[in-house]
Structure formats: structure tokens, C-alpha cells
Asker: 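Here it is, the structure, as C-alpha cells.
These numbers come from the heavy atoms of this one structure, side chains and all, not from hydrogens, waters or symmetry mates.
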Amino acid sequence: MENTRSTSDPGESVFEVEFTIRDSKYPFVGASEAEACRFELAEMVPRRDEEYAEFFDVAGTDAERIAEGAEAFETLEARVIEEWDRGGLVEFVVDGDCPAMALAERGALPRKVRSTDGSGRITAEIPPPYDPGAVVDSFLDAVPEADLAAKRRVDSLTPLFSDAPLREALHTHLTDRQREVLRAALEAGYYEWPREATGEEVAEGLGISSATFSEHVHAAERKLFAAMFDATDR
């Protein structure tokens, strides 16, 4: 992969880019077309090796139908985190062939990933020191099905969530052990892009097995996202 970091002084400029994508080979596009529904990314977090977990808010169809339909995609595993009337929160664990993942690996921060009836749109921010032109060109080479719709300068990075529901969920929904593991992972750089520590390394620091680390951190993530969606839907 080419180096997408800028060799000049980028200052504090942050660029926002938007891409459209309509190829149904990508699960969030294909599933929204097959079920005539809407997908919206809540969050994506790294897993082991080159896997990412993507949490989608699905509206307009039964969440279980989305999980069942995921069996058609070789690079995807799906599970329902929470269900509500004609929708739910669905976790996609992807291993390659994912546009949002391709952007993240090039230094961009995916902020909005949406798809309605087979028409997808991805919005991402490119912070310093990454060169926006190089990031866009590298991404389009890797994902030729995407089209650049817009590129603009913005004042600062956009936070994904308000702190209030997150702090409440941390204290009311997670066990002490889950909070400890999540904090260790965060401080070690497990959630950085590119990742600064593997799950195995975090587990070693905690004196636990990799399997135990994965069990705690994945359970904590699912509880947090489910609780946060409960808070925003009230």
C-alpha cells in the first residue's frame, strides 16, 4: 500500500470526503437492496488481524433476516445485538472487501456509512498528517466501484457520540472486569488505526488468555452499543 501521509506541513486542516457506491457485492449495499431497508453505521472497531466489527442500525426489515442473509457473503459474519419493531442493531464482522475498512486502513475516519435500497454513501474525515489526495486515490484504486461525490475542508473532527450515554453505559451495563479490559485495550492502542497493540499483547499485559480477552472486550462493546441506542431512542 502506498504511503498516504503528507510530506508537507498540513497544519490542522481536516478534509471530509464522500463516496457513493451501488455494487451489491458489498454487504451493507446488497442487504439494503435485497430487503428494501436502510443501513446506518453506528461504529466500527478493529478485531484480530485484518477483521473489523461494524455495528449497523437497520430499519425497515426484521434484523434476523439481515443476519440470515449474511450467510451469502464469504467475508462476513453477522449477529443481532438488539431487535425492535422492523429493525435492530446488527453486528457485521468483516474480513476484507469492505469500503469502510479500506478507508480506515488508509488513515481516514469513517463517520457515516449509509445505504438505502441498494444505494450506499460513505462519509469520512481525513486528519493530519494524511494527504487527502493520496488517501482518495489509493482508496479508489482499491475500491473501483466507488465514486467520489464530494471533498471539502472542515474545522475539526466530528465526535461520533455524546459522552453522556457512553459514561452512563460504562457504569451501569459493564462488569468491573469488562471495564478493566476495555480500558486496558484503549490505553494500549488496540482501538487505534493503525492498531498499536494486538489482542494477544493486551491479554498478556492483563495476565489472561487471548480467548478470555476477546470474550470480555466483545461483550463490553455489544453492551455499550445496545445501551447507547436505547438512550438515543428514548
Side-chain angles (χ1 to χ4, degrees), residues 1-21 26 28 39-57 92 94-115 120-167 170 182-199 201-202 217 221 224-225 228 232:
M1 184 186 301
E2 67 183 271
N3 185 357
T4 56
R5 289 180 182 266
S6 173
T7 56
S8 60
D9 179 9
E12 294 302 318
S13 296
V14 176
F15 281 84
E16 183 179 80
V17 291
E18 290 187 22
F19 300 92
T20 57
I21 185 164
Y26 297 109
F28 80 104
F39 273 68
E40 183 165 358
L41 183 69
E43 179 62 291
M44 63 182 291
V45 295
R47 288 283 188 251
R48 63 185 182 275
D49 299 327
E50 297 182 353
E51 286 186 351
Y52 280 81
E54 300 176 344
F55 295 85
F56 281 98
D57 177 17
F92 280 4
V94 294
D95 181 10
D97 206 19
C98 170
M101 190 167 128
L103 277 168
E105 290 174 341
R106 286 162 173 76
L109 305 175
R111 295 307 194 188
K112 296 179 182 177
V113 180
R114 297 174 175 172
S115 183
R121 181 173 290 266
I122 301 175
T123 302
E125 290 174 346
I126 305 173
Y130 294 96
D131 176 14
V135 170
V136 169
D137 289 345
S138 177
F139 172 72
L140 291 176
D141 285 343
V143 187
E145 300 85 2
D147 293 306
L148 179 64
K151 184 173 76 170
R152 49 186 170 265
R153 193 188 305 269
V154 295
D155 292 335
S156 60
L157 292 173
T158 305
L160 280 179
F161 296 111
S162 163
D163 285 344
L166 178 59
R167 290 183 181 277
L170 278 170
L182 206 60
R183 179 184 292 276
L186 183 64
E187 292 178 348
Y190 177 77
Y191 290 109
E192 296 296 328
W193 289 327
R195 180 178 287 170
E196 297 175 357
T198 65
E201 291 168 338
V202 180
V217 78
E221 289 167 358
L224 284 176
F225 291 126
M228 290 167 68
T232 55

Asker: Looking at Pro110 and Ala124, what are the two nearest heavy atoms and their distance?
Answerer: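 Closest pair (atom of Pro110, atom of Ala124, distance): CA-CB, 3.9 Å.
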Asker: So do the side chains of Met44 and Cys98 get within less than 4.5 Å of each other, counting heavy atoms only?
Answerer: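 The answer is no, as the side chains (C-beta and beyond) never meet within the 4.5 Å cut-off.
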Asker: Can you sort out the partners of Glu145 under side-chain contact (heavy atoms from CB on, under 4.5 Å), two or more places apart, ordered by chain and number?
Answerer: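 Residues passing side-chain contact (heavy atoms from CB on, under 4.5 Å) with Glu145: Ile21, Asp23, Lys25, Tyr26, Val143.
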Asker: Does some side-chain heavy atom of Leu148 sit less than 4.5 Å from a side-chain heavy atom of Phe139?
Answerer: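 Answer no - side chains too far apart.
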Asker: Show the nearest heavy-atom pair for residues Phe28 and Gly120, with the distance to one decimal.
Answerer: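 Scanning both residues completely, I find the closest heavy atoms to be CE1-CA, 4.2 Å.
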Asker: Looking at every non-hydrogen atom in both residues, tell me the closest pair between Glu54 and Ala100 and how far apart they are.
Answerer: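 It is OE2-CB, 4.0 Å.
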Asker: What is the minimum heavy-atom distance between Pro132 and Lys151, and which atoms define it?
Answerer: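 Closest approach of Pro132 to Lys151, heavy atoms only: CB-CD, 4.5 Å.
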Asker: List the atom of Thr198, the atom of Tyr190, and the distance in Å for their closest heavy-atom pair.
Answerer: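 That would be C-CD1, 4.0 Å.
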Asker: Would you check if Phe55 and Val45 make a side-chain contact, meaning some heavy-atom pair closer than 4.5 Å?
Answerer: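 Phe55 reaches Val45 side chain to side chain.
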Asker: With sequence neighbours left out, what residues match Glu221 under salt bridge (Lys or Arg N to Asp or Glu O under 4.0 Å)?
Answerer: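 Per chain and number, Glu221 pairs via salt bridge (Lys or Arg N to Asp or Glu O under 4.0 Å) with Arg47.
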Asker: Minimum heavy-atom separation for Ala108 and Val135, please, with both atom names.
Answerer: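 In this case the closest contact between Ala108 and Val135 is CB-CG1, 4.3 Å.
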Asker: Could you give the distance from CG (Leu103) to CZ (Phe19), rounded to the nearest 0.5 Å?
Answerer: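 Reported to 0.5 Å precision, the distance equals 5.5 Å.
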Asker: Kindly indicate whether the side chain of Leu109, heavy atoms from C-beta on, has any atom under 4.5 Å from the side chain of Pro127.
Answerer: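 Yes; the side chains approach each other to less than 4.5 Å.
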Asker: When rounded to the nearest 0.5 angstrom, what is the spacing between CZ in Phe15 and CD1 in Ile126?
Answerer: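 Between atom CZ of Phe15 and atom CD1 of Ile126 there are 8.5 Å.
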Asker: Quick one, Val113 and Phe39 - any side-chain contact, counting heavy atoms below 4.5 Å?
Answerer: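 No, side chains not in contact.
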Asker: Using 0.5 Å steps for rounding, measure from the OG1 atom of Thr123 to the CZ atom of Arg111.
Answerer: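 CZ of Arg111 is found 11.0 Å from OG1 of Thr123.
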Asker: Test Glu40 against every option in Lys112, Arg114, Arg121 by the salt bridge (Lys or Arg N to Asp or Glu O under 4.0 Å) rule and name the one that passes.
Answerer: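 Per the salt bridge (Lys or Arg N to Asp or Glu O under 4.0 Å) rule, the option paired with Glu40 is Arg114, out of Lys112, Arg114, Arg121.
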Asker: Could you work out, with side-chain contact (heavy atoms from CB on, under 4.5 Å) as the rule, every residue matching Ala150, not counting sequence neighbours?
Answerer: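 Residues passing side-chain contact (heavy atoms from CB on, under 4.5 Å) with Ala150: Glu18, Arg152.
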Asker: If you measure from CE on Met101 to CZ on Phe92, what distance do you get to the nearest 0.5 Å?
Answerer: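 Rounded to the nearest 0.5 Å, the CE-CZ separation comes out at 14.5 Å.
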